[in-house]
Amino acid sequence: MNWLSRFSTAVFLAFFLLPLSNSASAAVSADLRVLAEPNGRAVQTLNGGLDGWAVTIVRGLMDRTHCKAAIEAMPWARAYDIALARPGVVLFPTTRTEERDPHFHWVGPIFRVHWCFLARKGSGIVIHSLDDARKVGSIGTYFGDARDRYLAGLGFTNLQRAASDATNYRKLEYGRLDLIVGSDTGLTAMAEAAGIDPDNFESVFPLKEVDLYVALSRDTAPGTVEAWQRAFRAMRDDGTLAGILGRWYPGVKPPLDERLPWRDKKN
């Protein structure tokens with residue numbers, strides 16, 4: 001092959017194979033399905049579209065990874081089942097637990113929350129331990145939620161499951177529940193979403209500190225997973241993540257470490 005033939009071959013590769021490579025990369029992004037559960041200030045409908053601190057974070061990740069998918073809002077149980085069963089699904093915000101850990105690839109942590117038992121102010125309910133909570137008549141949980149599964153795993157038999165957190169807040173307000181499981185940062189937004197004054201409730205016992213992540217379904221392409229994880233690290237390191245959280249929760253800083261006690265205890 002003379003030099004002219006070699007040059008022609010190189011030109012062909014540069015102008016034809018490279019665009020094909022870019023098209024393949026774009027196809028990976030286009031194939032992603034991004035699912036979110038409406039959840040307080042994390043994911044909410046505003047002016048006909050989705051907004052919230054978690055939505056803002058994920059849109060930033062999508063921009064950095066050239067993902068053009070639309071974010072779909074749907075109930076948690078349905079979104080979770082889809083993410084478990086299909087490749088190329090992004091689900092957020094997702095509590096990372098020991099049970100869920102092996103079923104997803106994880107991007108984050110994006111937020112740290114404290115679970116707690118909430119009661120109506122003036123109810124007279126005093127909780128000093130988990131055993132005290134086991135003795136109340138009813139505790140409202142959200143079906144399929146990590147907090148529901150956590151208490152069920154601890155042997156709680158007085159759980160009343162609802163299809164939404166808003167329903168639980170209303171039941172608590174009207175005296176149909178003794179306690180519900182909430183979080184320190186979610187109380188105000190969830191109560192307001194239920195049409196109830198958040199000052200009507202109070203935290204009566206801290207439960208657990210957990211981290212929220214963006215989860216990618218297990219069979220998602222490795223290159224896609226790596227790109228999302230790399231994009232997250234860049235958002236965290238350049239201050240973008242802190243800026244987003246600060247706009248929604250002044251003074252709250254993003255978690256800078258991964259807390260995976262179920263892994264640590266095995267080492």
If you compare all heavy atoms of [X] against all heavy atoms of [Y], which two are closest, and at what distance to 0.1 Å?
| X | Y | value |
| --- | --- | --- |
| E192 | P198 | CG-CD, 4.1 Å |
| L177 | G140 | CD1-CA, 3.6 Å |
| L241 | P109 | CD2-O, 4.4 Å |
| V107 | Q229 | CG2-CG, 3.9 Å |
| T65 | A227 | CG2-O, 3.6 Å |
| G137 | N158 | O-CB, 3.7 Å |

How would you list all residue pairs meeting ring-ring contact (aromatic ring centres under 6.0 Å, His included) that involve residues 207-239, not counting sequence neighbours?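 Only W106-Y213 qualify under ring-ring contact (aromatic ring centres under 6.0 Å, His included).
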Applying ring-ring contact (aromatic ring centres under 6.0 Å, His included) as the test, list every pair that has at least one member in residues 153-174; sequence neighbours left out.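 Every ring-ring contact (aromatic ring centres under 6.0 Å, His included) pair that includes a residue of residues 153-174, provided the two are not neighbours, is Y169-F201.
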Show me the pairs that pass side-chain hydrogen bond (donor to acceptor under 3.5 Å, both in side chains) and involve residues 202-212, at least two apart or across chains.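 Qualifying pairs: R112-D211, H114-E209, E209-R259.
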side-chain hydrogen bond (donor to acceptor under 3.5 Å, both in side chains): which pairs involve residues 125-134, sequence neighbours left out?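 The answer is D131-R134.
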Can you measure from [atom1] ([X]) to [atom2] ([Y]) and round to the nearest 0.5 angstrom?
| X | Y | atom1 | atom2 | value |
| --- | --- | --- | --- | --- |
| T224 | L216 | OG1 | CG | 8.0 Å |
| L154 | L207 | CG | CG | 8.5 Å |
| T167 | Y142 | OG1 | OH | 9.5 Å |
| D178 | Q160 | CG | CD | 8.5 Å |
| L187 | D199 | CG | CG | 8.5 Å |
| I180 | L118 | CD1 | CG | 5.0 Å |

Check the hydrophobic clustering (I, L, V, M, F, W, Y; side-chain heavy atoms under 4.5 Å; chains of links allowed) and say if [X] and [Y] are grouped together.
| X | Y | value |
| --- | --- | --- |
| M235 | L256 | no |
| Y249 | L212 | yes |
| F111 | V214 | yes |
| L159 | M190 | no |

Start with the C-alpha distance between D51 and T56, add both sets of side-chain angles, then the distance that settles side chain to side chain contact (heavy atoms under 4.5 Å, CB included), and finish with yes or no. CA-CA 7 Å; D51 197 5; T56 306; 4.1 Å; yes
[Y] side chain reached by [X] side chain, heavy atoms, under 4.5 Å:
| X | Y | answer |
| --- | --- | --- |
| D145 | T95 | no |
| T188 | R41 | yes |
| D148 | V181 | no |
| N200 | K121 | no |
| R96 | D101 | yes |
| I196 | R170 | yes |
| L130 | F205 | yes |
| R147 | V210 | no |

Counting distance only, does the side-chain N/O of R120 pair as donor-acceptor with the main-chain N or O of L172 below 3.5 Å?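 Here the side-chain-to-backbone pair exists.
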Polar side-chain atom of R218 near backbone of F104 as donor-acceptor pair, under 3.5 Å: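 Here the side-chain-to-backbone pair exists.
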Show the atom names and distances, to 0.1 Å, of all donor-acceptor pairs under 3.5 Å that link a side chain in residues 73-93 to residues at least two apart or in another chain.
unit_1: W76; atom_1: NE1; unit_2: G144; atom_2: O; d: 3.3

What verdict does the side chain to side chain contact (heavy atoms under 4.5 Å, CB included) test give for V113 and D184, after you've listed the backbone C-alpha separation in whole Å, the side-chain angles of each residue and the deciding distance to 0.1 Å? CA-CA 7 Å; V113 299; D184 55 343; 4.2 Å; yes
Could you please spell out the steps behind the side chain to side chain contact (heavy atoms under 4.5 Å, CB included) verdict for L50 and R59? CA-CA 11 Å; L50 289 181; R59 282 186 174 143; 4.0 Å; yes
For E99, give me all partners under salt bridge (Lys or Arg N to Asp or Glu O under 4.0 Å), at least two apart in sequence or on another chain.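 So E99 forms a salt bridge (Lys or Arg N to Asp or Glu O under 4.0 Å) with R149.
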Side chain to side chain contact (heavy atoms under 4.5 Å, CB included), that's the test. Do I127 and V136 meet it? Break it down for me. CA-CA 9 Å; I127 304 294; V136 304; 4.1 Å; yes
